[in-house]
Colleague: 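One structure, pasted below without further comment.
These values consider heavy atoms only, across backbone and side chains, with no hydrogens, waters or symmetry-generated copies.
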Amino acid sequence: MSNTSKAIKAIRGMNDILPSQTKVWQHLEAELRKTLANYGYKEIRMPIVEQTNLFARSIGASTDIIEKEMYTFDDRNGESLSLRPECTAGCVRAGIEHGLLYNQEQRLWYMGPLFRYERPQKGRYRQFHQMGAEVFGLAGPDIDAELILMTARIWKNLGIHHLLRLEINSLGNSQARQNYKDVLVNYFSANKKQLDEDSLRRLETNPLRILDSKNPAMQDLIEAAPRLIENLDEQSELHFKALCLRLDQAGIEYKVNSRLVRGLDYYNRTVFEWITDSLGSQGAVCGGGRYDGLVEQLGGKETTAVGFAIGIERLVLLMTEFTDNASFVNEIDVYLARMGEKAEIKALLLAEDLRNILPGLKILTHCGSGNFKKQLKKADKSGASLCLILGDDELAENNITVKFLREQREQIQLSIDDLSAWLNDYL
């Protein structure tokens with residue numbers, strides 16, 4: 001068989017989202033946009049391709065993302081570019097470039113695809129989607145609390161709040177974190193024989209990530225490791241206690257997880273994750289925290305910052321597997337069937353008139369061939385509540401037949417002139 005006749009398939013880990021699935025995505029995206037608007041956040045859209053150096057400088061050259069997971073290539077000018085593996089760095093770059101950050105407060109959000117070369121599995125893909133929010137210019141624990149409260153509201157609005165739990169931690173300031181790294185290196189170096197290959201590599205490059213290891217053989221060693229939260233600088237300790245107080249008063253349940261470090265180098269002070277036990281090993285649905293040094297690190301003026309990102313695919317899995325799908329299925333309201341040449345032309349024009357008069361009406365007009373019986377089957381399959389039937393005989397008398405598809409009711413006949421008012425009352 002020649003190569004030209006072989007079917008081309010999607011790249012592994014990069015998935016098509018089919019019409020039967022997009023209804024859930026649309027519902028989810030609409031809920032996210034609504035909640036963000038309720039909190040006064042404004043949308044920003046960044047390119048999916050950035051200079052590779054942006055991610056190396058922000059995420060950390062020794063992280064797994066930079067070392068193993070980025071899609072990186074040279075363009076025709078020899079410049080190294082990368083598909084974005086996360087969005088915070090691009091948002092900061094855009095804020096600096098367009099003068100949005102210095103001496104200003106910004107509440108921003110974004111949504112779109114990201115790319116990492118990972119082993120595809122349930123809830124983890126090579127092209128995946130995130131919604132994120134970033135806040136600049138606010139240093140207190142109140143904005144940290146607001147972000148967590150906003151995510152809690154999103155889960156409630158989506159009907160999945162009972163499937164998620166919150167874990168929080170503090171990484172302290174940059175000096176406390178560096179001191180803690182030194183303590184960890186000494187601890188794990190003294191126990192090198194118990195480290196796996198990944199942890200040995202991280203010991204030299206990013207020792208905090210050893211705490212993230214899921215290797216069962218290392219859990220006792222990790223559990224006995226020194227804890228950063230017990231050695232915080234004074235200001236970070238006060239900040240963390242103030243955050244906990246606000247969450248307590250808001251009735252938000254949480255667990256302080258001293259092993260929670262997040263995978264990116266730019267975090268400081270507050271870090272948090274919303275986790276589910278319903279998706280196997282891919283339990284983190286939302287993660288975020290404070291990154292007060294990143295704006296300056298990328299060439300801007302010193303600016304405090306905090307944010308989070310939500311994995312859209314993982315939310316979709318929770319919604320489709322653990323909630324009532326009927327609540328967000330966007331069905332057709334009306335199927336318009338027609339028989340006869342004059343009725344065919346009138347049906348198209350009638351559908352346009354109905355859309356003008358009733359903008360919220362979802363109407364599917366039959367096109368192409370098909371006898372009356374086949375058209376009724378299509379009407380039923382569409383999920384519509386009603387089938388409007390227009391034939392040349394009805395048209396001659398300016399009438400149309402209404403067939404009820406989801407109720408045990410006799411069909412009725414109406415004047416075409418009265419149809420829009422009747423539909424408005426019925427639907």
Colleague: Strictly by salt bridge (Lys or Arg N to Asp or Glu O under 4.0 Å), give each pair with a member in residues 25-41 just once, sequence neighbours left out.
Modeller: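 Checked against salt bridge (Lys or Arg N to Asp or Glu O under 4.0 Å) - neighbours excluded - the pairs reaching residues 25-41 are Glu31-Lys34.
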
Colleague: Does Arg126 reach the side chain of Pro120, with side-chain heavy atoms less than 4.5 Å apart?
Modeller: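 In contact.
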
Colleague: Without swapping roles, check the side chain of Arg84 against the backbone of Gly90 for a donor-acceptor pair under 3.5 Å.
Modeller: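 Such a contact is absent between Arg84 side chain and Gly90 backbone.
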
Colleague: Applying side chain to side chain donor-acceptor pair (under 3.5 Å), run through Thr35 and Asn157 and close with a yes or a no.
Modeller: CA-CA 9 Å; Thr35 304; Asn157 290 346; 3.3 Å; yes

Colleague: Give a yes-or-no answer on whether the side chains of Asn169 and Asn257 include a donor-acceptor pair shorter than 3.5 Å.
Modeller: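 Per modelled atom types, Asn169 and Asn257 side chains form no pair under 3.5 Å.
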
Colleague: My understanding is that only one of Leu158, Leu28, Leu164 makes a side chain to side chain contact (heavy atoms under 4.5 Å, CB included) with Leu318; could you say which?
Modeller: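 That would be Leu164.
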
Colleague: Tell me, yes or no, whether the heavy-atom count around Asp220 atom CG, taken from other residues, nucleotides or ligands under 6.0 Å, exceeds 12.
Modeller: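 Open.
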
Colleague: Would you give me the side-chain donor-acceptor pairs under 3.5 Å for residues 418-427, sequence neighbours excluded?
Modeller:
from: Tyr426; atom 1: OH; to: Glu407; atom 2: OE2; distance (Å): 2.2

Colleague: Do any N or O atoms from the side chain of Gln219 and from the backbone of Asn215 form a donor-acceptor pair under 3.5 angstrom?
Modeller: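 Indeed, once roles are kept as given, a pair shorter than 3.5 Å links the two residues.
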
Colleague: Does any non-hydrogen side-chain atom of Thr365 lie less than 4.5 Å from one of Tyr335?
Modeller: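 No. Closest side-chain heavy atoms not under 4.5 Å.
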
Colleague: Do the non-hydrogen side-chain atoms of Asp144 and Ile148 ever get within less than 4.5 Å of each other?
Modeller: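 No; the side chains remain at least 4.5 Å from each other.
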
Colleague: Would you indicate whether Tyr117, at its atom OH, is surrounded by more than 12 heavy atoms from other residues, nucleotides or ligands within a distance under 6.0 Å?
Modeller: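 No, not enclosed.
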
Colleague: Just wondering, more than 12 heavy atoms not from Arg153 lying within 6.0 Å of its CZ?
Modeller: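 Atom CZ in Arg153 is not crowded, with 12 or fewer foreign heavy atoms closer than 6.0 Å.
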
Colleague: Step by step, would you call Arg165 with Asp277 a salt bridge (charged side-chain N to carboxylate O under 4.0 Å, His left out)?
Modeller: CA-CA 9 Å; Arg165 67 179 190 277; Asp277 296 319; 2.8 Å; yes

Colleague: Look up atom CG in Leu298 and atom OG1 in Thr88, then write down how far apart they are to the nearest 0.5 Å.
Modeller: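 Here the interatomic distance stands at 10.5 Å.
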
Colleague: Could you check if a side-chain atom of Ile210 sits within less than 4.5 angstrom of a side-chain atom of Leu203, using non-hydrogen atoms only?
Modeller: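 Contact flag for Ile210/Leu203 side chains = yes.
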
Colleague: What residues, two or more places apart in sequence or in another chain, satisfy salt bridge (Lys or Arg N to Asp or Glu O under 4.0 Å) together with Glu394?
Modeller: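 Partners of Glu394 by the salt bridge (Lys or Arg N to Asp or Glu O under 4.0 Å) criterion come out as none, since no residue qualifies.
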
Colleague: Let me confirm one number: the CD-CG distance from Glu321 to Leu163, rounded to the nearest 0.5 Å.
Modeller: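 That separation rounds to 10.5 Å.
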
Colleague: Using a 4.5 Å cut-off on heavy atoms from C-beta on, say whether the side chain of Leu195 contacts that of Arg201.
Modeller: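 No, side chains not in contact.
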
Colleague: Taking the six-membered ring for Trp, is the centroid-to-centroid distance between Trp155 and His162 below 6.0 Å?
Modeller: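 Not close enough - the centres of the two rings lie 6.0 Å or further apart.
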
Colleague: Counting only N and O atoms by type, is there a donor-acceptor contact under 3.5 Å from the side chain of Arg57 to the main-chain atoms of Gln297?
Modeller: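 Yes, because the side chain of Arg57 sits within donor-acceptor range (under 3.5 Å) of the backbone of Gln297.
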
Colleague: Heavy-atom distance under 4.5 Å between the side chains of Val256 and Ile168, does that happen here?
Modeller: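 When only atoms from C-beta onward are counted, Ile168 and Val256 do touch, with a gap below 4.5 Å.
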
Colleague: Got a sec: does the CD of Glu79 have more than 12 other heavy atoms crowding it under 6.0 Å?
Modeller: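 More than 12 heavy atoms, drawn from other residues, nucleotides or ligands, come within 6.0 Å of this atom.
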
Colleague: Would you tabulate the side-chain donor-acceptor contacts of residues 345-353 under 3.5 Å, counting partners in other chains and residues two or more places apart, or write 'none'?
Modeller:
from: Glu352; atom 1: OE2; to: Arg355; atom 2: NH1; distance (Å): 2.8

Colleague: Going by distance alone, is a donor N or O of one side chain under 3.5 Å from an acceptor N or O of the other, for Asn268 and Asn173?
Modeller: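 Checked: Asn268/Asn173 side chains show no N/O donor-acceptor pair below 3.5 Å.
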
Colleague: Find the distance between CG (Leu147) and CG (Leu149) and round it off to the nearest 0.5 Å.
Modeller: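 Leu147 atom CG to Leu149 atom CG measures 9.0 Å (nearest 0.5 Å).
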
Colleague: Just one of Tyr41, Tyr291, Trp109 clears the side-chain hydrogen bond (donor to acceptor under 3.5 Å, both in side chains) bar with Glu134, so which one?
Modeller: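 Option passing the side-chain hydrogen bond (donor to acceptor under 3.5 Å, both in side chains) with Glu134: Tyr291.
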
Colleague: Report yes if the side chains of Ser199 and Met218 come closer than 4.5 Å at any heavy-atom pair, otherwise no.
Modeller: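 They are in side-chain contact.
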
Colleague: How about Ile160 and Leu315: do any of their side-chain heavy atoms sit closer than 4.5 Å?
Modeller: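 Answer yes - side chains close enough.
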
Colleague: How would you list, by chain and number, every residue that makes a salt bridge (Lys or Arg N to Asp or Glu O under 4.0 Å) with Lys181, sequence neighbours excluded?
Modeller: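 Salt bridge (Lys or Arg N to Asp or Glu O under 4.0 Å) check on Lys181 returns nothing, list empty.
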
Colleague: Backbone N or O of Gln413 within a donor-acceptor pair of the Asn399 side chain at under 3.5 Å?
Modeller: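 Pair absent, no side-chain N/O of Asn399 close to backbone of Gln413.
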
Colleague: Can you name the side chain to side chain donor-acceptor pair (under 3.5 Å) partners of Thr303, sequence neighbours left out?
Modeller: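 Residues passing side chain to side chain donor-acceptor pair (under 3.5 Å) with Thr303: none at all.
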
